[in-house]
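Everything below concerns the one structure shown next.
Read the numbers this way: they start at 1 and go in the same order the structure lists the ligands and their atoms. Treat the numbers as computed from the prediction; the structure is a model and nothing was measured. Side-chain atoms are counted along with the backbone in the values below, which use heavy atoms only and exclude waters and symmetry mates.
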Amino acid sequence: MNAQLNATHDSRLRSWVASANQAGTDFPIQNLPFGTYSLTPQGERRIGVAIGDQVLDLRAAGLTNISDMNVLMAQSPREVSALRAAISQGLAEGSAKQRQWSGFLHPQDAVTLHLPCRIGDYTDFYTGIHHATTVGKLFRPDAPLLPNYKWVPIGYHGRASSIGVSGQQFPRPRGQTKGPNDEVPVLRPSQRLDYELELGVLVGQGNALGDAVGMEQAEAHAFGLVLLNDWSARDVQAWEYQPLGPFLSKSFASTISPWIVTLEALAPFRAAFARPEGDPQPLPYLDSPGNRQQGSLDVELEVWLHTQAMRDAGLSPERLSQSNFRDAYWTVAQMLTHHTVNGCNLQPGDLLGSGTLSGARSEQAGSLLELSAGGKNALKLANGETRTFLEDGDTIILRAWCEREGFQRIGFGECRGQVLPAR
Ligand code: MN
């Protein structure tokens with residue numbers, strides 16, 4: 001496990017960047033997430049670190065010669081940790097770097113944020129057991145959780161080319177569906193378009209083809225976490241998913257947040273990993289003392305909806321649900337270890353989705369499929385609108401943050417995406 005506290009986590013640290021000291025900021029000096037930005041939409045891409053409402057140009061500040069995030073992510077945890085320490089020291093109140101580095105800051109809202117790295121491969125897991133159970137009941141009332149669920153981290157290979165950064169807009173997908181009253185399937189725009197509240201693990205160092213990564217080493221291969229919205233066309237999914245799993249119901253768009261929150265930044269927010277009473281313990285290759293002690297992460301998650309009617313009326317987004325990554329059935333280390341146990345090589349920048357992160361209570365559901373009970377119970381919104389699934393113009397905003405007594409709160413920023421009419 002990679003969860004040691006050091007001087008960068010000290011809650012007393014303050015930055016000479018004033019906005020980083022404001023209560024409620026996602027990016028205090030204790031966070032320092034990495035992202036890729038340019039000064040103009042088509043301009044040269046740079047690696048930056050978010051600090052308050054600013055982004056610091058790492059290369060200009062002399063912190064690294066690397067200009068490609070995938071190369072930076074491939075460095076050893078020791079190197080990445082040394083970089084974080086240098087950034088922290090330079091941005092801390094009283095640092096002699098202030099005069100020089102002030103010129104290398106740009107307001108985040110004045111730059112273009114890109115996908116933080118090139119994502120070669122995307123795997124989506126299914127670690128949300130409450131999601132798996134609720135959705136399983138809708139698809140298979142007699143056998144909601146299949147017999148493998150508590151033994152093997154379930155996943156499928158997703159589509160990397162359609163992953164976009166927060167702000168992504170995409171047309172409502174068309175697909176083949178067969179409703180209960182349809183004699184034969186038809187091709188039409190999805191009528192049951194949904195979001196999925198997830199976290200994504202971005203892989204740092206890769207592993208060689210053939211070399212499995214054990215649990216004790218697994219987190220050395222995880223660079224950090226982003227928010228992930230795994231948009232899903234439920235009507236397409238229901239018709240296509242057997243026997244090989246989701247395909248076109250998921251591959252039309254996925255959205256991630258622009259800032260990679262490193263595992264080191266998350267060290268204060270560790271939680272013990274334990275199986276509920278009566279559940280099988282993980283097989284030995286998915287078990288370790290470190291994972292039991294602190295394999296889970298206490299990350300609060302939220303989904304917000306901003307409809308066209310809300311925007312037209314000048315209303316703020318409405319919160320649909322809240323949950324926590326602690327409730328996932330498998331940890332980051334277990335996902336990484338399981339992915340490589342057959343010798344599969346992960347590469348820097350690969351994305352591993354957590355699966356939909358729902359809580360035990362119905363209002364903690366991370367998708368509309370669950371919140372509307374498969375479309376049967378429409379959600380009533382405060383402005384009088386209702387939703388079973390997403391309408392054209394709807395914007396979904398995911399948010400996440402970590403809070404613990406004695407530590408500075410850190411956040412993930414936003415993961416925002418909008419549904420456009422079908423083409
Ligand atoms: Mn998913």
Using ring centroids (six-membered ring only for Trp), state whether Tyr126 and Tyr329 fall under 6.0 Å.
no
State yes or no: are the ring centers of Phe223 and Phe34 separated by less than 6.0 Å?
yes
Whether Tyr285 and His338 hold their rings parallel, tilted or perpendicular, with breakpoints at 30° and 60°
tilted
Take the Mn ion (ligand 1) and tell me which protein N, O or S atoms are nearer than 2.8 Å.
Asp124 OD2, Glu196 OE1, Glu198 OE2, Asp230 OD2
Would you call Arg270 and Glu219 a salt bridge, using N to O less than 4.0 angstrom?
yes
Side-chain donor-acceptor pair under 3.5 Å between Trp231 and Thr255, yes or no?
yes
Donor-acceptor contact present, side-chain Ser15 to main-chain Leu91, <3.5 Å
yes
